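For reference, the structure discussed in these notes is given below.
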Amino acid sequence: MKRSTQLLIFLLVITIYFRAQSQELPHRPKVGLVLSGGAAKGMAHVGVLKVLEEVGIQPDIITGTSMGSIIGGLYAIGYRADTLEKLLLGLDWDRALSDRIDLQSVLFEEKNFFENQILQLSIEDGKIQAPSGLIRGQQILSLLTRLSLPAYRIEDFRQLPIPFRCVVADVISAEHFTLDQGCLPEAMRASMSIPSVFTPIKRDGALFIDGGLIRNFPVEEAKEWGADIIIGVYTGRLKAEPEELNSFSNILMQAGFLLSIRDAEAQLPLVDIYIEPDLRGYESQDFKKADSIIVRGEQAARLQFDRLKALADSLRALGPSPNPPSLSAIDSLCIDHIVIEGNKRFNNRELRGRLALEEGATSSIQDIEEAIDRLYGTNAFEQVSYRLRQVEDKTILTLKCVERTPTVLRAAINFDKYLGAGFLFNISSRNLLQPASRLMLTGTVAENYRFGLNYLKYLGAPQQWSAVLTTQLSKDEIPIFQDGIQNETFRLTEWLAELRLQRRLGNSGMFGAGLQREQLFFKPIVSSDPPFHQLDYTNYNLYSFLQLNTLDRNIFPRAGTYLSFEFKGIYTNSFETNIRGLTPGVSTDSLFSFQPYTKLSFRSKSYYPLHKRASITVTPFAGFVFNPSNTFGDFYFVGAPEMLTRRSIPFYGLDANQLVAQVAVGLGVGYQHFLRDNLMISIDANAGFFATPDILTENVPNPEQFLAGIGLTGGYQSFLGPVKFTMMYPLDTDNTVPRNLRFFLTIGHRF
């Protein structure tokens with residue numbers, strides 16, 4: 001059997017060769033390699049390539065669709081099978097198949113709203129615009145651009161070391177198209193634009209999506225470029241058996257690929273050596289199973305080993321195989337000219353300032369990618385990509401920007417033990433009243449609500465300085481405990497208006513100073529003998545602040561630091577203070593002092609990675625209200641593992657707002673471990689010294705107290721956002737807080 005196979009292959013090659021000679025064609029028979037799509041299952045192509053290299057077959061032409069276009073395009077540049085295997089096994093697929101960048105690359109003003117919601121919609125002309133895909137492809141296009149840099153001077157794909165073509169489908173014309181010139185990474189990205197997952201690629205009046213919907217097995221495209229012998233590798237969808245069509249999703253998927261399946265069957269007779277890996281049990285999204293999928297491809301190719309070896313031997317008998325030219329790796333280059341495309345609302349000067357790349361200077365590829373991330377990190381663009389071209393002797397860097405609509409709606413849901421169920425929304429509009437500005441409305445609709453309106457105006461071309469006008473409205477409950485028992489509850493409603501001037505420190509810091517007008521409304525809602533029925537007063541504050549945020553991500557960070565420091569001078573106008581229903585015998589001065597005082601607040605949380613799945617956390621905190629009368633006016637809320645209000649000090653071992661303190665100093669340490677990328681556990685301990693305002697400590701023997709507590713948390717990243725469940729226990733309470741197990745649950749995003 002083996003000898004007959006070798007003889008048939010030899011006769012086929014000789015026949016093609018002499019036919020070519022009779023037609024005076026100056027080449028040996030050409031081998032075309034056809035790689036189908038199949039999403040994650042298409043990684044099996046790498047296993048086939050390993051066997052082709054083993055037997056000594058060098059394709060003369062490569063065609064591909066979807067994942068086949070990515071594997072085929074990179075192989076055509078010069079990447080070998082072992083390099084591609086290492087790439088696929090080492091890739092962070094969660095990141096690559098997302099639009100996520102490191103939080104350090106995001107502007108400080110935008111960090112809280114970056115990938116911290118479950119819904120983001122554009123609003124244009126008063127209408128909500130549905131997205132054309134869940135993923136823009138920021139990361140995958142950046143990856144393909146970086147990998148394709150050795151070929152950045154080549155625009156005709158015939159000139160690649162191995163000629164290459166890929167197939168896309170045009171939504172507008174309902175036809176398939178072959179891409180064989182232009183920008184190679186963009187062509188590969190267009191070929192894998194799975195509808196409803198990746199946004200389509202616009203080009204020359206067409207709207208390109210995954211070519212696998214029409215032609216998933218581009219054999220004819222290899223024949224058109226002169227392939228005499230076809231090796232076809234198919235990892236796409238096949239006709240389903242009746243028993244497999246047992247669910248709505250299976251039927252829908254089969255219906256979507258009917259045309260592609262039918263076309264692939266029509267291409268099969270043109271294939272000389274057909275390889276179909278057994279990928280039963282694997283799904284299109286199983287990118288994290290690259291190792292076993294590659295093995296399945298290699299196993300399928302070895303079933304055809306004799307035929308492949310016979311083909312390789314027959315070709316060698318006709319002379320040495322062509323040696324494709326090698327392309328040099330690109331680490332840095334001199335950029336002669338920078339072109340920016342797609343910007344309508346932002347001028348070139350503004351964007352060049354953000355890029356910080358100079359024409360005529362040498363830049364590394366890392367410099368270029370960091371500049372792209374800085375521009376994308378402004379949150380003003382849906383996608384920012386780049387392309388390098390050689391025009392005569394000049395290197396041109398072209399940036400392609402896809403701007404967001406001026407107005408964007410973000411939404412999330414949240415539930416926790418303190419706020420209850422809440423709906424979060426954020427509406428931001430850029431350049432609404434002035435250029436280089438942002439108007440933002442943020443709200444949490446819950447029992448304890450929060451609403452804020454913020455207008456930011458950048459100053460100067462570098463946009464490091466900005467002026468901000470803000471107003472906020474919030475409601476909270478203040479529980480008062482005595483001997484560990486809650487005996488009173490006050491409602492606090494705050495309205496804050498402020499004007500500040502701030503300066504950004506890179507992307508990770510901000511400092512500034514401002515003026516505030518702060519109105520507070522106290523009302524007892526649970527009390528046997530309230531000292532007043534309602535207390536309203538107004539503060540005028542002068543403050544300065546410093547904030548740092550070097551966290552690697554908003555949700556379950558693993559590295560970096562968040563730090564907030566504020567120093568405030570508080571001045572009160574006694575004529576604007578209103579006390580209604582004052583209990584007889586209670587002095588006004590015992591409730592509120594009209595003397596100016598100062599307040600210092602500091603909190604920080606740092607993550608120190610031990611390895612990629614574990615971190616040590618350190619959380620120092622300090623708060624001082626330097627009020628000489630030590631009255632009801634100002635304090636911190638201590639308790640719960642989350643930052644729940646602007647006055648909060650998180651503390652394991654206490655319920656939300658369980659302690660009201662005028663002085664708080666302490667430290668927390670913890671260890672967190674990720675069992676999977678979206679599943680973590682942590683153990684935390686904290687301790688601190690606290691002092692309670694005098695007005696709240698009548699008949700309390702020890703208003704100054706030392707507390708310690710411990711907490712165990714499980715966290716899971718769900719489609720609704722992060723879910724965290726914490727069990728807490730107070731270790732040392734000075735007998736002022738009951739020592740019993742406490743729980744705190746939070747579901748969803750916070751911004």
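Remember, predicted model here, so these are calculated numbers, not experimental data.
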- Task: Taking atom types as modelled, find out whether Asn541 and Gln516 have a side-chain donor-acceptor pair closer than 3.5 angstrom.
- Result: yes
Requested in this report: Run the numbers on Asn379 and Arg430 for side chain to side chain contact (heavy atoms under 4.5 Å, CB included), then give the verdict.
Outcome: CA-CA 11 Å; Asn379 228 3; Arg430 299 180 186 274; 3.7 Å; yes
Margin query: For Glu358, I'd like to know if atom CD has over 12 heavy atoms of other residues, nucleotides or ligands within 6.0 Å.
Written below: no
Does a donor on one side chain sit under 3.5 Å from an acceptor on the other, for Ser364 and Ser332? no
query: So does Glu518 pair up with Arg646, basic N to acidic O under 4.0 Å?
result: yes
inquiry  = If you apply the rule side chain to side chain contact (heavy atoms under 4.5 Å, CB included), what do you find for Gln120 with Arg404, and how did you get there?
reply    = CA-CA 11 Å; Gln120 179 168 295; Arg404 295 192 191 278; 2.7 Å; yes
Q | Worked check of side-chain hydrogen bond (donor to acceptor under 3.5 Å, both in side chains) between Asn549 and Ser508 | A | CA-CA 5 Å; Asn549 187 343; Ser508 300; over 6 Å; no
Test item: Phe621 and Leu667 side chains (from C-beta on) under 4.5 Å apart, heavy atoms: no
Checking Lys599 against Tyr636: charged group under 6.0 Å from the ring centre and within 45 degrees of the axis? yes
_Between Asp94 and Arg100, does any side-chain N to carboxylate O distance fall below 4.0 Å?_
no
When you compare the side chain of Thr442 with that of Ile427, does any pair of heavy atoms fall below 4.5 Å?
no
Q) Does the side chain of Leu399 reach to within under 4.5 Å of the side chain of Ile372, using non-hydrogen atoms? A) yes
To the nearest 0.5 Å, atom OH of Tyr458 lies from atom CG of Leu107 at 5.0 Å
**Study point:** Side-chain donor or acceptor of Lys475 paired with backbone N/O of Glu447 under 3.5 Å
**Key:** yes
**Donor-acceptor pair, side chain of Asp536 and main chain of Gln519, under 3.5 angstrom** = no
### Task
Would you check, one step at a time, whether the test side chain to side chain contact (heavy atoms under 4.5 Å, CB included) holds for Phe381 with Leu351?
CA-CA 11 Å; Phe381 300 92; Leu351 299 185; 3.7 Å; yes
Exercise. Just wondering, do Arg742 and Gln658 contact through their side chains at under 4.5 Å, heavy atoms?
Worked result: yes
Taking every heavy atom of Thr405 against every heavy atom of Ile123, the minimum-distance pair comes out as OG1-N, 3.5 Å
**OP:** For the pair Phe624 and Phe626, name the ring-plane relationship: parallel under 30°, tilted 30 to 60°, perpendicular over 60°.
**Re:** parallel
Interatomic distance, CG@Leu456 vs OG1@Thr470, rounded to 0.5 Å, equals 8.5 Å
Checklist entry - Is the backbone N or O of Leu496 less than 3.5 Å from a side-chain atom of Thr471, with the two atoms forming a donor-acceptor pair by type? => result yes
query = Does a side-chain heavy-atom distance below 4.5 Å link Asn454 with Val468?
reply = yes
Determine whether Met440 and Val408 satisfy the following criterion, side chain to side chain contact (heavy atoms under 4.5 Å, CB included), listing intermediate values before the conclusion.
CA-CA 10 Å; Met440 181 176 288; Val408 175; over 6 Å; no
Query - Minimum side-chain heavy-atom gap Tyr671-Ile681 below 4.5 Å - result: no
_Is a donor from one side chain sitting under 3.5 angstrom from an acceptor on the other, for Thr645 and Tyr418?_
no
Main-chain N/O of Lys344 paired with Glu403 side-chain donor or acceptor, under 3.5 Å
yes
Checklist line | Under 3.5 Å donor-acceptor, Ser142 side chain and Gln138 backbone | finding: no
Ring centres under 6.0 angstrom apart (Phe565, Phe567):
no
On a heavy-atom basis, the closest approach of Ser363 and Ile368 is CB-CG1, 4.3 Å
- Item | Lys400, NZ atom: more than 12 neighbouring heavy atoms under 6.0 Å | no
*Is Glu566 paired with Arg603 through a side-chain N to carboxylate O contact shorter than 4.0 Å?*
no
Mark yes or no for whether Arg95, through its side chain, and Ser98, through its backbone, hold a donor-acceptor pair below 3.5 Å. no
Shortest non-hydrogen pair, Gly721 vs Ile118, comes out as N-CG2, 4.3 Å
Can you tell whether the side chains of Arg374 and Glu369 come within less than 4.0 Å, N to carboxylate O? no
Leu409 vs Leu119 side-chain heavy atoms within contact, under 4.5 Å = no
d(Phe511 CZ, Leu546 CG) to nearest 0.5 Å is 8.5 Å
- Is it true that the side chains of Asp634 and Tyr597 contain a donor and an acceptor less than 3.5 Å apart? yes
Looking only at heavy atoms, the pair that brings Thr561 and Ser606 closest together is OG1-OG, 2.8 Å
- [ ] Take atom CD of Gln366 as the centre, draw a 6.0 Å sphere, and report whether it contains more than 12 heavy atoms from other residues, nucleotides or ligands.
- [x] no
Per side chain to side chain donor-acceptor pair (under 3.5 Å), Ser466 is matched among Gln502, Arg500, Arg438, Lys457 by Gln502
Check your understanding: Quick one: do Asp552 and Arg558 make a salt bridge, cutoff under 4.0 Å?
Key -> no
Closest non-hydrogen atoms of Ile555 and His749, given as atom of the first, atom of the second and distance, are CD1-CE1, 3.4 Å
One should read off an interatomic distance between Phe108 CZ and Arg504 CZ, to the nearest 0.5 angstrom, of 10.5 Å
Fill in: Salt bridge Arg503-Glu109, side-chain N to carboxylate O under 4.0 Å
no
Between the OH atom in Tyr455 and the OG atom in Ser437, the distance rounded to the nearest 0.5 Å is 3.5 Å
*Basic-acidic side-chain contact under 4.0 Å: Asp476, Arg647*: no
So, do Phe651 and Phe690 have ring centers that fall under 6.0 Å from each other? yes
Here the gap from Ser474 atom OG to Leu520 atom CG, rounded to the nearest 0.5 Å, amounts to 8.5 Å
Discussion item. Using a strict threshold of under 4.0 Å (side-chain N to carboxylate O), is an ion pair present between Asp416 and Lys724?
Written reply: no
| query | Between Phe113 and Phe751, is the ring centre distance below 6.0 Å? | reply | yes
Using side-chain hydrogen bond (donor to acceptor under 3.5 Å, both in side chains), reason through Ser105 and Asp102 one step at a time and then give a plain yes or no. CA-CA 6 Å; Ser105 298; Asp102 288 336; 5.5 Å; no
Checking side-chain hydrogen bond (donor to acceptor under 3.5 Å, both in side chains) for the pair Asn343/Asn348: CA distance, chi angles, key distance, verdict?
CA-CA 8 Å; Asn343 56 313; Asn348 282 6; 2.8 Å; yes
Self-check item: Ser604 vs Pro620 side-chain heavy atoms within contact, under 4.5 Å
Solution: yes
Residues Ser615 and Pro609: closest non-hydrogen pair is OG-CA, 3.7 Å
**Asked** Would you say the side-chain atoms of Gln672 and Tyr607 include a donor-acceptor pair closer than 3.5 Å?
**Response** no
